[in-house]
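Structure record follows, encoded as structure tokens.
What you are looking at is a predicted structure, and each value in this text was computed from that prediction instead of being measured.
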Amino acid sequence: MSKHDGKDKPKGGGTIALNKRARHDYHFEERFEAGLALQGWELKAIRAGRANIGDAYAVVLQGELFLIGAQITPLIQASTHVVANDRRTRKLLLHRREIDQLTGRIQRDGYTLIPTALYWKGNKVKADLALAKGKQAHDKRDASKQRDWDREKQRVMRRHNRDA
């Protein structure tokens, strides 16, 4: 039996970054899982928790999918021979049929492709992409009212069940 059984290693699947504002600004229709083509310094920075996808979106260019606006802040001890651009355009990896399907929906139906989360899957970084339509101001107010009403219903139900 070896000294290290791998018990102290964290399991994969941990969340790296979330886009919490996206749920407030968009209606999600469909979700996709895409891989990210990253450089070595980016992977080290992600392991250190320096990723932000709050302003990010995905776009189809020449039949390929790219993530624009995602920020991965480089570490101070990053290599000196690599020019680290924290907001560079990163390629998203999907199957051809999925890219074709997304291209059609984005161009014809006016959808936007928004990254909602970055997470580990094994030793690879994956992005959760949502095909989304933007919410209007009145939609946001309705969602807020519904959320408040649901919260109040839960309070009343708890109070009623406790008294019974």
Side-chain angles (χ1 to χ4, degrees), residues 10-148 150:
K11 299 284 184 201
T15 302
I16 298 166
L18 291 174
N19 189 351
K20 293 181 182 179
R21 199 176 73 199
R23 182 164 279 124
H24 179 71
D25 292 339
Y26 297 95
H27 290 291
F28 296 154
E29 297 287 325
E30 200 172 341
R31 291 186 179 273
F32 294 89
E33 180 183 71
L36 255 70
L38 298 171
Q39 296 177 350
W41 68 268
E42 291 173 323
L43 211 52
K44 288 181 180 182
I46 286 173
R47 286 188 201 283
R50 294 175 167 253
N52 181 7
I53 56 170
D55 298 331
Y57 61 95
V59 66
V60 179
L61 297 173
Q62 299 171 355
E64 294 181 334
L65 204 59
F66 293 95
L67 183 65
I68 297 175
Q71 181 180 10
I72 300 176
T73 308
L75 296 172
I76 296 169
Q77 65 267 28
S79 178
T80 56
H81 65 278
V82 174
V83 178
N85 181 5
D86 65 339
R87 289 199 180 258
R88 78 176 184 92
T89 301
R90 294 166 180 92
K91 189 172 180 180
L92 290 168
L93 308 172
L94 279 167
H95 290 284
R96 167 61 47 205
R97 61 180 156 65
E98 290 177 323
I99 294 174
D100 292 342
Q101 177 188 2
L102 287 171
T103 303
R105 300 275 303 266
I106 290 168
Q107 289 176 350
R108 276 193 319 267
D109 304 333
Y111 283 97
T112 306
L113 203 53
I114 302 294
T116 57
L118 288 181
Y119 57 92
W120 294 103
K121 188 168 186 183
N123 62 349
K124 294 178 176 48
V125 176
K126 300 289 183 171
D128 183 37
L129 301 173
L131 197 59
K133 275 214 189 264
K135 283 185 183 178
Q136 302 293 326
H138 61 85
D139 292 334
K140 293 178 187 178
R141 285 193 299 269
D142 290 343
S144 177
K145 285 180 186 175
Q146 184 63 38
R147 190 170 46 246
D148 292 343
D150 289 340

Under the side chain to side chain contact (heavy atoms under 4.5 Å, CB included) criterion, do Leu65 and Leu113 qualify, and how do the steps go?
CA-CA 10 Å; Leu65 204 59; Leu113 203 53; 3.8 Å; yes
Salt bridge (Lys or Arg N to Asp or Glu O under 4.0 Å) between Lys91 and Glu64, worked out:
CA-CA 8 Å; Lys91 189 172 180 180; Glu64 294 181 334; 3.1 Å; yes
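With hydrogens and angles ignored, the 3.5 Å screen pairs a side-chain donor or acceptor of Arg87 with a backbone N or O of Gly69.
Annotation: Arg105, atom CZ; neighbour count of heavy atoms from other residues, nucleotides and ligands within 6.0 Å is above 12.
When all heavy atoms of Ala17 and Ile53 are compared, the pair lying nearest together is O-CD1, 4.0 Å. Between Trp41 and Ile72, the shortest heavy-atom distance links the atoms CZ3-O, 3.5 Å. Listed here is the closest heavy atom pair of Asp55 and Arg21: OD1-NH2, 3.4 Å. Closest approach of Asp109 and Lys133 over heavy atoms only: O-NZ, 2.6 Å. Summarising the geometry of Tyr111 relative to Glu29, their closest heavy-atom pair is CE2-CG, 3.1 Å, with the distance given to 0.1 Å. Residues Pro115 and Ala56 come closest through the heavy atom pair CD-O, 3.5 Å.
A side-chain donor from one of Thr116 and Asp128 sits under 3.5 Å from a side-chain acceptor of the other. A side-chain N or O of Gln146 and one of Asp150 form a donor-acceptor pair less than 3.5 Å apart.
With contacts defined as side-chain heavy-atom distances shorter than 4.5 Å, the pair Leu61/Thr89 does not qualify. Counting only heavy atoms from C-beta outward, the side chains of Trp120 and Arg47 approach each other to under 4.5 Å. Using a 4.5 Å cut-off on side-chain heavy atoms (C-beta onward), Phe66 and Leu92 make no contact.
Of the inter-residue distances, the one linking Asn52 atom CG with Ile16 atom CD1 reads 12.5 Å to the nearest 0.5 angstrom. Thr103 OG1 to Arg96 CZ: the interatomic distance, rounded to the nearest 0.5 Å, is 7.5 Å. Here the CZ-CD1 distance, from Arg88 to Ile68, works out to 12.0 Å after rounding to the nearest 0.5 Å. From Thr112, atom OG1 reaches atom NE2 of His27 across 12.0 Å, with rounding to the nearest 0.5 Å. With rounding to the nearest 0.5 Å, the separation of CD in Glu42 from OG1 in Thr73 is 11.0 Å. Ile106 CD1 to Gln101 CD: the interatomic distance, rounded to the nearest 0.5 Å, is 10.5 Å.
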